[in-house]
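Written out below as structure tokens is the structure these notes cover.
Side chains are part of it too, since the values below use all heavy atoms of this structure and drop only hydrogens, waters and symmetry mates.
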Number of protein chains: 2
Amino acid sequence: MNTSYKSKSRQDYLKAILSLELKGNKITTTSISEKLCTKPASVTGMFKVLSDLELIKYQPYKGAKLTQLGRNEAISLIRKHRLWETFMVDYLGFGWDEVHEVAEQLEHVESKDLIDKLDAYMGNPPFDPHGDPIPDKDGNLTDSRRLIQVHTLQKGEVGCIQGVLGSNDTFLKHLGEFGIKMGLVFTVKKVFEYDGNFLVEFVGDDGVQREYSWSRKLVEQLLAEIN
Amino acid sequence: MNTSYKSKSRQDYLKAILSLELKGNKITTTSISEKLCTKPASVTGMFKVLSDLELIKYQPYKGAKLTQLGRNEAISLIRKHRLWETFMVDYLGFGWDEVHEVAEQLEHVESKDLIDKLDAYMGNPPFDPHGDPIPDKDGNLTDSRRLIQVHTLQKGEVGCIQGVLGSNDTFLKHLGEFGIKMGLVFTVKKVFEYDGNFLVEFVGDDGVQREYSWSRKLVEQLLAEIN
DNA sequence: AACGATATTTAGCCATGCCTAAATTTATTT
DNA sequence: AAATAAATTTAGGCATGGCTAAATATCGTT
């Protein structure tokens with residue numbers, strides 16, 4: 001019998017499961033093995049462990065789902081991850097494409113006091129550098145914003161970048177090269193008919209107004225708030 | 001053959017070895033097992049691993065010592081530990097008796113960039129909250145201060161608390177209850193003859209001058225700079 | 001120098017968490 | 001409904017890093 005869920009592996013599994021559950025996916029050994037770059041057989045073994053620990057409900061051949069305990073633990077990890085990313089970007093000067101991997105390590109540091117004090121030090125930021133909401137110290141994870149994908153915008157609409165879907169470091173770096181970052185306000189100048197590309201106008205850091213063509217693939221990943 | 005020294009266990013061994021070497025002790029399987037709360041037989045096994053990795057020189061039955069590579073790694077861990085402790089105390093509001101355990105976790109986060117940026121954010125502090133010197137980013141660990149143990153002071157001498165020997169959390173908390181902390185300036189009023197106890201005078205946070213009797217055991221652990 | 005005490009190493013075992021290959025269950029197709 | 005395909009589990013193995021018990025080396029004493 002296992003005695004604790006506080007192991008890096010187990011926590012990684014919980015996070016992976018929550019991530020897929022939030023996307024509405026079914027939690028299978030295959031889907032988790034893909035997410036964690038392991039093999040389905042390894043997942044079966046871990047599902048038994050997590051099930052014994054009452055972190056998930058697991059029915060062989062039928063899939064798994066988080067219990068309340070497991071969900072709480074997973075949300076705590078999300079909270080730590082996002083707060084550390086915020087700290088690294090807003091206080092230490094990292095780029096938003098440089099912090100994910102280190103946050104993956106920092107989120108496994110066990111100390112509720114530490115993360116709550118870090119949260120307070122930063123003034124309880126509601127969102128992380130990628131626009132994702134940060135759960136509060138009681139585990140509430142809500143996002144009252146109504147964000148829409150940029151590719152659904154029409155010509156003439158004004159949006160404000162507030163989030164990025166499925167962000168990986170390479171993509172974030174790519175966005176940075178286009179001058180795209182959190183809070184960027186832009187106007188849709190033209191939606192190219194043949195493939196949905198966008199011509200947008202925005203004001204850069206230097207106060208200079210710029211025009212850029214954003215590809216379909218790019219705008220599908222961008223979340224904006226519109227006025 | 002092992003491929004990396006970046007495992008928590010191996011790093012804990014390196015730190016333990018450095019710690020004993022600095023105290024001038026011989027590195028035996030028994031001494032390390034006591035330090036790490038394991039058994040000598042386990043240490044023998046790890047010594048072989050660390051030796052294969054060229055982190056230590058190990059002669060069976062004769063003891064071990066750090067190689068330059070092992071020493072560098074150990075010093076890097078000390079640097080991370082002390083910088084994180086400084087951050088927690090000076091920026092997040094932890095007490096100096098509350099940070100050791102969490103720093104033990106944080107020091108294993110692998111990112112030279114992170115720790116160098118944290119160092120810069122704090123303005124490259126030279127000492128941690130317990131008065132221990134913080135190695136710089138190139139691994140230089142020097143302490144040019146001439147600190148002396150308080151119990152060697154004479155009546156009438158003025159000292160400034162700059163360090164604590166062999167600090168554990170309980171002892172640090174105890175010190176805090178006596179109003180003792182880094183930078184405290186005090187005057188020796190009287191050295192009791194029968195057992196070396198001290199009567200000292202100092203000015204508290206509130207500006208009020210206080211007198212305290214410090215025990216022999218306590219002052220032996222305190223390092224001060226004298227004028 | 002030899003004895004006993006102490007320290008150290010070896011041998012063999014356990015748990016975690018990963019793997020591959022084989023067996024089994026479930027799903028799909030005809 | 002039976003056969004095949006796909007997903008999942010079981011079985012058995014490996015590496016890390018602990019453990020105990022037994023064997024062996026070193027040290028201190030006489």
Side-chain angles (χ1 to χ4, degrees), chain A residues 1-17 20-21 25-66 70 73-74 77 104-105 107-108 110, chain B residues 1-17 20-21 25-66 70 73-74 77 104-105 107-108 110:
Chain A
M1 176 62 81
N2 297 282
T3 53
S4 162
Y5 51 86
K6 296 186 188 313
S7 104
K8 179 167 174 2
S9 278
R10 293 169 196 181
Q11 292 182 328
D12 285 341
Y13 273 87
L14 294 179
K15 269 210 317 170
I17 295 169
L20 292 189
E21 281 190 356
N25 295 19
K26 212 168 155 278
I27 309 305
T28 64
T29 52
T30 303
S31 64
I32 295 297
S33 74
E34 281 165 359
K35 187 104 183 159
L36 295 178
C37 297
T38 61
K39 305 287 156 167
S42 306
V43 177
T44 301
M46 187 57 94
F47 274 7
K48 284 178 193 155
V49 170
L50 297 178
S51 191
D52 285 346
L53 291 167
E54 301 193 356
L55 293 161
I56 63 171
K57 264 235 175 80
Y58 168 50
Q59 290 186 288
Y61 294 102
K62 298 294 181 186
K65 62 180 177 183
L66 289 171
E73 175 63 13
L77 291 163
E104 286 286 311
Q105 296 181 62
E107 78 192 11
H108 294 293
E110 288 295 331
Chain B
M1 178 61 84
N2 299 282
T3 53
S4 161
Y5 51 85
K6 295 185 188 316
S7 104
K8 181 170 175 355
S9 277
R10 292 168 197 182
Q11 293 183 328
D12 286 341
Y13 273 87
L14 294 179
K15 268 209 321 170
I17 295 169
L20 293 189
E21 282 192 355
N25 295 17
K26 213 169 154 279
I27 310 306
T28 65
T29 53
T30 303
S31 64
I32 296 297
S33 74
E34 281 165 358
K35 187 104 183 160
L36 295 177
C37 296
T38 61
K39 304 287 157 167
S42 306
V43 177
T44 300
M46 186 56 93
F47 274 5
K48 284 178 192 156
V49 170
L50 297 178
S51 193
D52 285 348
L53 291 167
E54 302 192 356
L55 293 162
I56 63 172
K57 266 234 176 81
Y58 168 51
Q59 288 187 290
Y61 294 103
K62 298 294 181 185
K65 60 180 177 183
L66 290 171
E73 175 64 13
L77 291 162
E104 286 286 312
Q105 296 181 62
E107 77 191 10
H108 294 293
E110 287 295 330

>> Distance check, rounded to the nearest 0.5 Å: A:Tyr13 atom OH versus A:Ile32 atom CD1?
In response: 8.5 Å
> Is there a side-chain polar atom (N or O) of B:Thr30 under 4.0 Å from OP1 or OP2 of C:dT8?
Replying inline: yes
> Once you round to the nearest 0.5 Å, how far does CG of B:Leu50 lie from CD1 of B:Ile17?
Replying inline: 5.5 Å
> Hey, what do you get for CD (A:Gln105) to CD (B:Glu110), rounding to the nearest 0.5 Å?
Replying inline: 6.5 Å
> Can you tell me how far C1' of D:dG18 sits from CE of B:Met46, to the nearest Å?
Replying inline: 9 Å
> Which of these nucleotides, D:dT10, D:dG18, C:dT8, is closest to any side-chain atom of B:Thr28?
Replying inline: C:dT8
> So which nucleotide from C:dC18, D:dT16, C:dT8 ends up closest to the side chain of A:Ser9?
Replying inline: C:dC18
> Are any of B:Thr29's side-chain N or O atoms less than 4.0 Å away from OP1 or OP2 of C:dT8?
Replying inline: yes
> Can you list the steps and then say if B:Phe47 with B:Thr28 is a side chain to side chain contact (heavy atoms under 4.5 Å, CB included)?
Replying inline: CA-CA 10 Å; B:Phe47 274 5; B:Thr28 65; over 6 Å; no
> Rounding to a whole Å, what distance do you find between A:Ile32:CD1 and C:dC18:P?
Replying inline: 12 Å
>> Among D:dG18, C:dT10, C:dC18, which nucleotide has an atom closest to any side-chain atom of B:Lys48?
In response: C:dT10
> Please give, in whole Å, the distance from D:dG18 P to B:Leu36 CG?
Replying inline: 8 Å
> Once you round it to whole Å, what is the distance between P of D:dC19 and NZ of B:Lys39?
Replying inline: 6 Å
> What's the closest nucleotide to the B:Thr38 side chain, out of D:dG18, C:dT9, C:dC18?
Replying inline: D:dG18
> Nearest of C:dT8, D:dT8, C:dG17 to any side-chain atom of A:Thr44?
Replying inline: D:dT8
> Between D:dG18 atom P and B:Leu50 atom CG, what is the distance in whole Å?
Replying inline: 10 Å
> Could you give the CD-to-C1' distance, from A:Glu34 to C:dC18, as a whole number of Å?
Replying inline: 18 Å
So which protein nitrogen or oxygen atoms get under 3.5 Å of nucleotides 23-28 of chain D's nitrogens or oxygens?
| unit_1 | atom_1 | unit_2 | atom_2 | d |
| --- | --- | --- | --- | --- |
| D:dA25 | O4' | B:Tyr61 | OH | 3.3 |

> In Å, rounded to the nearest 0.5 Å, how long is the span from CD of A:Gln59 to OG of A:Ser51?
Replying inline: 9.5 Å
> At what distance, to the nearest 0.5 angstrom, does CD of A:Glu104 lie from CG of A:Leu77?
Replying inline: 9.5 Å
> Is any side-chain heavy atom of B:Asp12 closer than 4.5 Å to a side-chain heavy atom of B:His108?
Replying inline: yes
>> At less than 4.0 Å, is any side-chain N or O atom of B:Ser42 found next to OP1 or OP2 of D:dC19? Yes or no.
In response: yes
> Over how many whole Å does the gap from A:Phe47 atom CZ to C:dT16 atom P extend?
Replying inline: 18 Å
> Rounded to whole angstrom units, what separation is found between the NZ atom of B:Lys6 and the P atom of D:dA15?
Replying inline: 22 Å
> How far apart are the C-alpha atoms of B:Arg10 and B:Glu73, what are their side-chain angles, what is the distance that settles it, and do they pass the salt bridge (Lys or Arg N to Asp or Glu O under 4.0 Å) test?
Replying inline: CA-CA 10 Å; B:Arg10 292 168 197 182; B:Glu73 175 64 13; over 6 Å; no
>> If the cut-off is 4.0 Å, is B:Ser7 near the phosphate of D:dG17, judged by side-chain N/O to OP1 or OP2?
In response: yes
> Taking for each residue the nucleotide of DNA chain C bearing the nearest heavy atom, is the 5' side occupied by A:Tyr13 or by B:Ala41?
Replying inline: B:Ala41
